[in-house]
Amino acid sequence: MRPIEPLPLHHSWSLASLHEHLSPVVLDPSLAGNDVALAERGLGLWHCDLADDRVSWTAGVYDIFGFERDSPVPRALSVSRYASDSREQMERLRAYAIRHRRGFTLDIDIHPADGGQCAVRLICAPILHGDRVIGLHGIKQLLPAGVPPSRRLDPTVFVML
């Protein structure tokens with residue numbers, strides 16, 4: 001087994017900059033509140049409750065992963081769809097986000113249940129109760145082939161499905 005290299009912290013950001021990382025969705029209320037409009041643009045919102053690792057997704061995340069909308073998807077199943085190097089990086093940044101109460105952005109490769117491989121921009125922010133992280137939430141954005149890595153949501157690369 002090869003040793004895991006420490007990730008550069010440029011993927012991590014303080015919660016004070018959350019609005020900046022999510023602004024393309026947050027600034028357009030017709031988009032932020034419309035599950036169908038998000039899914040049509042290759043976007044989905046997600047939430048993970050750390051008490052039991054229960055995840056909930058909007059339609060766009062189901063579409064990205066190739067799962068039937070509204071079906072129960074255990075976190076372990078969704079994580080198993082990540083390419084191994086993406087899974088390792090995500091798990092390390094996830095642990096860092098929980099431990100240090102920071103958000104992160106990471107471009108990952110997944111293998112959807114309906115076949116193939118796709119690139120996804122994962123944006124994650126902790127949910128705090130006092131000074132304790134009780135959950136994580138964010139956005140997954142489907143990326144067209146050839147999009148350069150980024151540290152924020154990029155409204156110029158929406159995939160119209």
Side-chain angles (χ1 to χ4, degrees), residues 4-35 37-39 41-65 67 73-110 112 118-144 147-159:
I4 297 175
E5 304 272 329
L7 288 176
L9 289 181
H10 69 269
H11 293 289
S12 176
W13 37 265
S14 75
L15 290 181
S17 64
L18 176 64
H19 185 76
E20 174 187 342
H21 289 271
L22 301 181
S23 63
V25 170
V26 174
L27 294 177
D28 183 348
S30 65
L31 183 59
N34 187 329
D35 192 25
L38 287 170
R41 289 165 175 79
L43 291 167
L45 307 178
W46 60 272
H47 173 269
C48 180
D49 185 335
L50 294 181
D52 58 7
D53 260 355
R54 187 174 34 88
V55 295
S56 57
W57 295 344
T58 63
V61 178
Y62 283 100
D63 295 350
I64 289 169
F65 277 87
F67 292 126
V73 179
R75 180 177 182 275
L77 176 59
S78 64
V79 170
S80 74
R81 307 309 307 178
Y82 285 56
S84 62
D85 59 333
S86 292
R87 183 174 42 253
E88 291 171 13
Q89 291 180 27
M90 180 277 297
E91 292 289 13
R92 289 178 56 111
L93 281 167
R94 181 181 193 269
Y96 189 89
I98 294 167
R99 187 171 45 253
H100 298 285
R101 298 184 307 273
R102 294 182 61 86
F104 69 87
T105 305
L106 180 66
D107 287 356
I108 57 173
D109 292 315
I110 65 164
C118 63
V120 175
R121 184 155 296 143
L122 167 62
I123 299 173
C124 174
I127 301 167
L128 302 178
H129 180 70
D131 64 349
R132 206 175 96 239
V133 177
I134 61 167
L136 299 168
H137 65 155
I139 296 175
K140 286 186 169 69
Q141 177 183 21
L142 184 62
L143 298 175
V147 169
S150 176
R151 290 184 276 162
R152 63 181 37 90
L153 188 65
D154 185 348
T156 66
V157 297
F158 285 153
V159 176

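Quick caveat, the model's predicted, so the values are computed rather than measured. Along the sequence shown, residues are numbered consecutively beginning with 1.
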Anything under 3.5 Å between a donor and an acceptor, one on a side chain of residues 42-53, the other on a protein residue two or more places apart or in another chain? List them.
unit_1 : atom_1 : unit_2 : atom_2 : d
Trp46  : NE1    : Ile123 : O      : 3.4
Asp49  : OD1    : Ala51  : N      : 2.9
Asp49  : OD2    : Arg54  : NH2    : 3.4
Asp52  : OD1    : Arg54  : N      : 3.0
Asp52  : OD2    : Arg54  : NE     : 3.4
Asp53  : OD1    : Arg94  : NH2    : 3.1

Sub-4.5 Å side-chain heavy-atom contact between Cys118 and Ile110: yes
Check: Asp35 side chain, Ala59 main-chain N or O, donor-acceptor pair, under 3.5 Å: yes
Val133 vs Ile127 side-chain heavy atoms within contact, under 4.5 Å: no
Nearest-0.5 Å distance that lies between atom CG in Leu142 and atom CZ in Arg41: 14.0 Å
Inter-residue atom distance Ser86.OG - Glu91.CD, 0.5 Å rounding: 11.5 Å
Arg121 CZ to Leu106 CG distance, which is reported to the nearest 0.5 Å: 10.0 Å
Check: Phe104 and Leu122 side chains under 4.5 Å, non-hydrogen atoms: yes
Smallest separation among heavy atoms of Arg102 and Pro126, with atom names: O-CD, 3.3 Å
Point-to-point distance, once rounded to the nearest 0.5 Å, from CD1 of Ile108 to CZ of Arg81: 12.5 Å
Close side-chain approach of Phe65 and Leu77, heavy atoms under 4.5 Å: no
